[in-house]
Amino acid sequence: MKYRNSVEFEVTGEYGLFSDPVTRVGGEKFSYQIPTYEALKGIMQSIYWKPSLIWVIDKVRIMNTIQTDTKGIRPIKYDKNENDLSYYTYLKSCRYQVLAHFIWNENRPELAADRNEHKHHNIAKRMIERGGRRDIFLGTRECQGYVSPCTFESGRGDYDTIPEINFGMMYHGITYADEAYSEETKGKMTVRLWQAVMRYGIIEFLPPWECIHRPVREMNIKRFDEKLGNFTLADEEEVMQ
């Protein structure tokens, strides 16, 4: 389904690393076979973002065959200023088509005057044509990505003839306090999980409010102060008044 403010783009990169944050603690990093919702949302925010809106990733199409490549890396140790030896498993030859749209951030009533759908939609499309406002990364900073316009479902994909592949329970993303979507997620940082299934090369994401969510900790909203022109910490109740 395409919305009135939908955008479409293709993102490519030599390598990608879409890992579950829980598995990174030990130093080793192992990529999921497919990009996560949060990683694609991060790419969309690098293309164009304003605090008055929230990007929602609708679908991703896997264009190239899923391949992995393991490399020996020497990261800095957590507790010492010394190098360690770790193995990172990357995806290689990444190419994805993405369909997304935006909704207004109802947690920011102070920015209601910026809710001009036509303006933001046109700027987002121009930024896709220019490759994004900021650098694009496929999951992590060492995996440089490149964005270009496309028509979603155009061209041939390597999984177009495969009816279904189930990837099981996956990390979906993190909901911060300023994007809370329910009473249970207000004033908290929440981790989301979901069941990922690819059908004929296309993965249709659940929206954040339909995922399994688990609160992690309390969190305040950062409010945009028009007088100061910056963000200041504020109590969530004060923001919602």
Side-chain angles (χ1 to χ4, degrees), residues 9-47 49 55-79 83-98 100 132 134-147 158-159 165-176 179 188-198 201-208 210-217 219:
F9 64 91
E10 183 171 279
V11 57
T12 59
E14 186 175 357
Y15 290 100
L17 181 57
F18 309 105
S19 61
D20 185 336
V22 174
T23 66
R24 293 189 177 193
V25 179
E28 308 284 335
K29 295 182 182 180
F30 189 91
S31 179
Y32 281 125
Q33 295 171 292
I34 56 174
T36 62
Y37 179 99
E38 192 74 9
L40 295 175
K41 181 181 176 183
I43 291 172
M44 194 65 246
Q45 289 176 332
S46 292
I47 294 170
W49 177 81
W55 284 106
V56 178
I57 307 301
D58 300 307
K59 299 178 182 180
V60 62
R61 185 180 178 211
I62 313 300
M63 301 298 290
N64 290 349
T65 302
I66 298 170
Q67 305 175 70
T68 59
D69 187 10
T70 301
K71 298 183 179 183
I73 307 294
R74 295 185 64 83
I76 299 295
K77 289 184 177 180
Y78 284 102
D79 57 342
N83 287 106
D84 202 354
L85 178 62
S86 297
Y87 288 99
Y88 291 5
T89 301
Y90 298 88
L91 294 178
K92 59 185 297 187
S93 300
C94 300
R95 183 184 168 209
Y96 310 110
Q97 290 182 354
V98 182
R134 295 181 290 170
D135 290 342
I136 306 298
F137 305 109
L138 294 175
T140 186
R141 191 169 184 84
E142 69 261 29
C143 299
Q144 182 75 44
Y146 304 92
V147 165
D158 289 350
Y159 294 94
I165 298 177
N166 193 318
F167 295 98
M169 189 65 70
M170 282 183 59
Y171 164 78
H172 187 275
I174 294 175
T175 299
Y176 297 97
E179 294 188 357
K188 298 181 177 65
M189 184 176 79
T190 308
V191 174
R192 305 186 307 271
L193 302 172
W194 78 304
Q195 186 83 13
V197 180
M198 179 171 68
I202 295 175
I203 298 164
E204 187 169 351
F205 288 104
L206 286 179
E210 293 184 12
C211 294
I212 300 169
H213 58 264
R214 293 289 182 269
V216 176
R217 64 178 178 86
M219 173 179 280

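Along the sequence shown, residues are numbered consecutively beginning with 1.
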Over 12 foreign heavy atoms within 6.0 Å of CZ, Phe167: yes
side-chain contact (heavy atoms from CB on, under 4.5 Å) partner of Lys59, the single match among Ile202, Ile203, Leu40, Val98: Ile202
Partners meeting side chain to side chain contact (heavy atoms under 4.5 Å, CB included) with Val191 (sequence neighbours left out): Tyr171, Ile174, Val216
Just verifying a value: how many Å separate Lys71 NZ and Lys29 NZ, rounded to the nearest 0.5 Å? 13.0 Å
With the side chain counted from C-beta on, respond yes when Met63 and Gln97 share a heavy-atom pair under 4.5 Å apart, and no when they do not. yes
Can you tell if the side chain of Tyr88 reaches within under 4.5 Å of the side chain of Ser19, non-hydrogen atoms only? no
Side chains of Arg134 and Ile47, heavy atoms from C-beta outward: is any pair under 4.5 Å? no
Under the 3.5 angstrom rule, does the side chain of Tyr159 hit a backbone N or O of Ile66 as a donor-acceptor pair? yes
Please report the closest heavy-atom contact between Pro35 and Ile62, naming both atoms and the distance. CD-CD1, 4.0 Å
Verify, without hydrogens or angle tests, whether Gln144 (side chain) and Ile136 (backbone) share a donor-acceptor contact under 3.5 angstrom. yes
May I ask you to check whether Tyr32 and Phe18 place their ring centers less than 6.0 Å from one another? no
Is the number of heavy atoms from other residues, nucleotides or ligands under 6.0 Å of Glu204 CD greater than 12? no
N/O donor-acceptor pair under 3.5 Å between His172 side chain and Gln195 backbone: no
Give a yes-or-no answer on whether the side chains of Tyr90 and Glu142 include a donor-acceptor pair shorter than 3.5 Å. yes
For a quick check under 3.5 Å, do Thr70 and Thr89 share a side-chain donor-acceptor pair by atom type? yes
Quick check: closest heavy atoms across Thr190 and Pro215, and the distance to 0.1 Å? CG2-N, 3.8 Å
Closest heavy-atom contact between Gly16 and Ser31? O-OG, 4.1 Å
Straight-line distance of Lys92 NZ to Asp69 CG, nearest 0.5 Å: 5.0 Å
Do we see a donor-acceptor contact under 3.5 Å between the side chains of Asn64 and Ser93? no
Can you name the closest pair of heavy atoms from Ile57 and Ala100 and give their distance? CD1-CB, 3.8 Å
Quick one, Leu17 and Leu138 - any side-chain contact, counting heavy atoms below 4.5 Å? no
Inspect the surroundings of CD in Gln45 and state if more than 12 heavy atoms from other residues, nucleotides or ligands are less than 6.0 Å away. yes
Met189 and Arg217, any side-chain heavy atoms less than 4.5 Å apart: yes
Check whether any side-chain heavy atom of Val197 lies under 4.5 Å from a side-chain heavy atom of Ile165, and answer yes or no. no
Would you call Val56 and Tyr37 a side-chain contact if the rule is heavy atoms closer than 4.5 Å? yes
Assign the ring pair Trp194 / Phe205 to parallel, tilted or perpendicular, where the plane angle (0 to 90°) is split at 30° and 60°. tilted
For Ser86, does its backbone N or O pair with a side-chain atom of Glu28 as donor and acceptor, under 3.5 Å? no
Return the set of residues passing side chain to side chain contact (heavy atoms under 4.5 Å, CB included) with Ile212 (not counting sequence neighbours), or none when no residue passes. Met169, Leu193, Arg214
Minimal non-hydrogen separation, Thr175 against Glu179, with atom names: CG2-O, 3.6 Å
Presence of salt bridge, Glu38 and Arg192, under 4.0 angstrom: yes
Carboxylate-amine/guanidinium proximity below 4.0 Å for Glu10 and Arg95: yes
For residues Phe9 and Met44, determine if any side-chain heavy atom of one lies less than 4.5 Å from a side-chain heavy atom of the other. yes
